[in-house]
2 protein chains.
Amino acid sequence: MDGALTVGQVADELGVTVRTLHHYDELGLLVPSGRSAAGYRLYTAEDLQRLSSIVLYRRLGFGLEQVGELLVADGAARIEQLRRQRDEVRARLAQMTGLVDAIEHALEAEMTQRPATTEDLRAIFGDGFGEEYQTEAQERWGHTPQWEQSRQRTAHFTPGRWQEIKDETEALEQAAAAAVREGVDPDSPHGREIAERHRESIEVFYDCSHEFQVGLAQMYLADPRFTAHYDERQPGLAQWLHDAIVANAAR
Amino acid sequence: MDGALTVGQVADELGVTVRTLHHYDELGLLVPSGRSAAGYRLYTAEDLQRLSSIVLYRRLGFGLEQVGELLVADGAARIEQLRRQRDEVRARLAQMTGLVDAIEHALEAEMTQRPATTEDLRAIFGDGFGEEYQTEAQERWGHTPQWEQSRQRTAHFTPGRWQEIKDETEALEQAAAAAVREGVDPDSPHGREIAERHRESIEVFYDCSHEFQVGLAQMYLADPRFTAHYDERQPGLAQWLHDAIVANAAR
DNA sequence: GCTTGACCCTCACGCGACGTGAGGCGGCAC
DNA sequence: GTGCCGCCTCACGTCGCGTGAGGGTCAAGC
């Protein structure tokens, strides 16, 4: 019996914890063959053999109760259990594969439905969406109620929403440019329609009365950067848009 | 508040159990917005919204604590967590794939190392391994200590072991048949060597003294079925083997 | 008004395989 | 003798509920 090992030695040998050995002892799954005078558990080579079987079956995912059954079962029963276990693990495997897909799905949804980040905006609007402009705009209008309202609303805009906004602005400006080229009167039904569409595109951000819109129109003529933006697309567009907005506001 | 639902209704609606709702309430994960006079939990549409998020995240495999964090996290943090969860699940997936392989491995080992069944024996020895022979053999020798010893030993023989035994028997008989064809003297070193090899092939089953082996040799001549078995392979083999065994026993 | 049955409430233990101390004894080297 | 490591026996914690026990509530039918 001098070959008998204590819990710590067995634990090191087989890669389990001491607590695990205690646990198996409690359950009667692996009761050490002997005890020292002081009550130390003493494991023989046979015990180690049994433990290594237990460890093997545990690694295969069996519960302790099933491990106990496997140890006393004959070959045919063991094979049957192993097959069952394999099938069960395969089933869980399939279900986890589905889980990964579900997570991917949620991830994609989150990516598109989450409020847009600064990077998203740069990706959509290009690098022209620079910090300098942002800073200046904040200084100019940061104290207005419209700015505050816009800030609150856009905080929840998704990348998809921003893309829609860009598309609508683009379409609007193209329609206005076409009207200028075709010599459409700003104070015609079509001219006023475009002015109204412009107001709606602004109302996405904040409540925009006709009066406020007229103020914007005046700025488009007063601030050369706005004027340039419109006239680059179509010479005379800034003036035409201003006139249409004024005409629409006067009804 | 007339739109408020009780636990049972909510449970049906979202496919969870009443106990689960109690649990979430205890944890503070989903505290119903109201209680009836009698203390019934009352869930509003908002509560349902929150619950459906909880159910979603739970289905994605998050723990309840993480679900709580996800509910208050912003988009970026949620995405980060989803990614982490996906990676973790993928890792577990890989490890389960390994598990399946390990089980297959154990299964194969068990298949080949398990004691052979009657079907295994038929597969190895052919259908000549019939019940009639078995029954007669048991009647003839079932009471002998050799039979008992053989029974005990063969009970643990694997299919592989049986195959080895068959191969060795085959090789032995071929060697003996060749010796007969070549006119080898049974009482020569080579003849006695074959006799000794025969004895060893018997000792696989039970302890076989030279005297006992001589008894076997006599039976090979006395029982026409044994004689036929050997002489079919090589005329004169039964007699030759008998003589070699007798010579070897006499040293 | 009374019963019935379905629903709700609050405890509180159970599961599975150990982890993680707490409190105390044994063994061995200095 | 003393310090440290290893061993012992309780015994509670983990995680997400399941499953009663014991008892109120509510709407409907008699």
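Convention: sequence-line order gives letters A, B, ...; per-chain numbering from 1. Values below: every heavy atom of this structure, side chains too, minus hydrogens, waters and symmetry copies.
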If only side-chain N and O atoms of [X] are considered, is one of them under 4.0 Å from the OP1 or OP2 phosphate oxygen of [N]?
X	N	answer
A:R19	C:dG21	no
B:H22	C:dC9	yes
A:R35	D:dT9	yes

Within this structure, what is the [atom1]-to-[atom2] distance between [X] and [N], rounded to whole angstrom?
X	N	atom1	atom2	value
B:L21	C:dC9	CG	C1'	14 Å
B:L29	D:dC15	CG	P	14 Å
A:L51	C:dA17	CG	P	15 Å
A:H23	D:dC8	NE2	P	16 Å
A:Q9	D:dG6	CD	P	10 Å
A:L64	C:dG16	CG	P	10 Å
B:Y43	C:dC8	OH	P	10 Å
B:E26	C:dC11	CD	P	9 Å

Checking side-chain polar atoms at under 3.5 Å, does [X] have a donor or acceptor matched by the opposite partner on [Y]?
X	Y	value
B:E110	B:H105	no
B:Q85	B:Q81	no
B:E196	B:H210	yes

Nearest heavy atom decides the nucleotide; on that basis, is A:T20 or A:S36 closer to the 5' end of DNA chain C?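 Closest to the 5' end, via its nearest nucleotide, is A:T20.
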B:D25 (side chain) donor-acceptor with B:V31 (main chain) under 3.5 angstrom: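 Not at all, since once roles are kept as given, no pair shorter than 3.5 Å links the two residues.
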Is there a side-chain contact between B:I165 and B:F205, using heavy atoms and a 4.5 Å cut-off? yes
Starting from the 5' end of DNA chain D, give me the residue, A:V7 or B:G63, whose nearest nucleotide shows up first. A:V7
Nearest-neighbour nucleotide for the B:R41 side chain, D:dG16, C:dG27, C:dC9 considered: C:dC9
Quiz question: going by heavy-atom distance under 3.5 Å, is there a donor-acceptor pair between the base of D:dG24 and the side chain of B:Y40? yes
Have a look at A:Y24 and say if it touches a base, only the backbone sugar-phosphate, or nothing, with a 4.0 Å heavy-atom cut-off. sugar-phosphate
Determine the contact category for A:T17: base if any of its heavy atoms lies under 4.0 Å from a base atom, sugar-phosphate if only primed atoms, P, OP1 or OP2 are that close, otherwise nothing. sugar-phosphate
